[in-house]
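Since the structure comes first, as structure tokens, the remarks are kept for the end.
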Amino acid sequence: MIMSQLTPQEVEHQLQLISRGVEEIITLDELKEKLSKKGRLKVKLGIDPTAKDIHLGFAVVLRKFKLFQELGHHTTLILGDFTAMVGDPSGKNKTRPMLTKEDVQRNVQNYLPQLGKIIDLSKTEVVYNSQWLDSMKLSDFIKLASKYTLAQMLEREDFKKRFEAHQPISLHELIYPLLQAYDSVVLEADVELGGIDQKFNILVARYIQKEYGQEPEVGVLTPILEGLDGVQKMSKSLGNYVGISEPPEVMYRKLMRVPDHLIIRYMILCTDMPMDEINQYKKALEEGTINPRDAKMKMAFNVVRMYWGEEEASKAQEEFIRVFSKGELPVNLKTVEVGLDEVSRSEGGLDLVELLYRAGIASSKREAKRMVSSSLKVNGEEVKERFLEIPPNRELIINYGKGKYLKVKLV
RNA sequence: GGGCGGGUGGCCGAGUGGUCAAAGGCGUGGGACUGUAAAUCCCAAGCGCGAAAGCGCUACGGUGGUUCGAAUCCACCCCCGCCCA
């Protein structure tokens, strides 16, 4: 397909959209030139199918990928099934465990439907890098390896640190950036997207492309999103993440826990709110003319809307206000049935400890005891006693922590 | 191959024969205050039985041993790090 050239205005427009929330573009001038010259660019995003769930942190780069799709560029998603087996050492201070083919397959199966929530899979060329890396001849690999030096590799911060600290660096880890770079050669990529932690790998790719007589790709590097704790990067293992497949109310609630100083950052990186509007919020927050909570609600609403739509987002917001601001019961109160004879004592009273345990609220009876002695509300009444009268309607609404309610039916 | 140091609860880390279900910190859960923010303060924290006092079981890399009694001593093994080759 031959694309008509873009006008300077169109180029500027695209640059502006692409730059939103981006940490670094290597280099902006090259991107500008490529856009003006080619119009339609080959955009590469390589993903390591090592995790199962996509969260807002990873969504940042995916959304950038989607933007390129919307702008009409050719987008290729590389599922790094081969390189995943090697394990990207980026940002790690120790060797990653290698994945098996089965692990990778399983993860990919998990991934695609989730990816489809953000990017347009029909416009995405999906390739596995094992397609060319598996069959690469050793002589070709040696040729590739000859293009880069140990000193160049050791420029990388994490390698350098490990090297200087006398920590092991396996040879295969040194190879990883080369293979990723080779992907760019095979695709003849114009642009590669990645998190800022991919900076080194992308720089290697640029260098290697030149060695293979290609014009180097432009690196569009997105920031690493901080998680709900506001400090560490969002990741599942740290438990500070918001998954894109989580139910709307859960997403909304989690987003309301984001520290205030990240409200604007989340707006920029995780919503499609217009920059003008975001800047207004920014100004208002700096001047103290808005309650940060309200800005945060706006942010949370927009994130949820992105994944679940307007209606669900509104519901999530209403639910939040109802349950947390007003302290009312949630609309969809979860109900659990528990056998009456299992939780009643011979004298006819109700054993709360047993009930909490049976209802699954407490994972052990000791935990249930702790809950009873700290703070627990049953049907709105604070309870300190372990034993209760059986309510006539045989229903109990248990409040075991802020916003945590469970209805228990005795049967 | 040689020398040295180390493996304790979600993490870090103290503890070197009983008073240790194990200090302290971080993190976590609950509460107060709030905006489920931040800061601050309070409470909790292996599991089972018991209304409770309490009793019992499991736990300090693994296995065995010494001892009335072990996270602590001994033996062997496994794992990790550092230094030398």
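All chains are named by letter (A, B, ...) in the order of the sequence lines, taking the proteins before the strands, and each is independently numbered beginning at 1.
Residues from residues 302-318 of chain A with heavy atoms under 4.0 angstrom of RNA chain B: there are none.
A cation-pi contact, defined as under 6.0 Å to the ring centre and within 45° of the axis, links A:K254 to A:Y241.
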Check the interface with nucleotides 36-38 of chain B: list each N/O to N/O pair with the protein under 3.5 Å, or write none.
residue, atom, partner, partner atom, Å
B:U36, O4, A:R253, NE, 3.4
B:A37, O4', A:K296, NZ, 3.4
B:A37, N3, A:D260, OD2, 3.3

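More than 12 heavy atoms of other residues, nucleotides or ligands shown are found within 6.0 angstrom of NE2 on A:H261. Open room surrounds NZ on A:K282; 12 or fewer heavy atoms of other groups in view lie less than 6.0 Å from it. For CD of A:E385, the number of neighbouring non-hydrogen atoms (other residues, nucleotides, ligands) closer than 6.0 Å is 12 at most.
Contact check, A:K365 against B:C49: a side-chain N or O comes under 4.0 Å of OP1 or OP2.
A residue-by-residue look at A:S363 and A:N291 shows that A:N291 has its nearest nucleotide of RNA chain B further toward the 5' end. A residue-by-residue look at A:S375 and A:F387 shows that A:S375 has its nearest nucleotide of RNA chain B further toward the 5' end.
Using a 4.0 Å heavy-atom distance criterion, A:K369 is classed as a base contact. Residue contacts shown for A:G403 are absent, as no nucleic acid heavy atom lies under 4.0 Å away.
Applying the ring pair (Phe, Tyr, Trp, His ring centres under 6.0 Å) test to pairs two or more places apart or on separate chains, none has a residue in residues 265-299 of chain A.
For A:R386, whose side chain is taken as the heavy atoms from C-beta onward, the closest listed nucleotide among B:A45, B:G29, B:A52 is B:A52. For A:S364, whose side chain is taken as the heavy atoms from C-beta onward, the closest listed nucleotide among B:C47, B:G35, B:G50 is B:C47.
Rounded to an integer number of Å, the gap from CD of A:E382 to C1' of B:C43 is 13 Å.
Listed for the A:R20 side chain is no donor-acceptor partner under 3.5 Å among the backbone atoms of A:P274.
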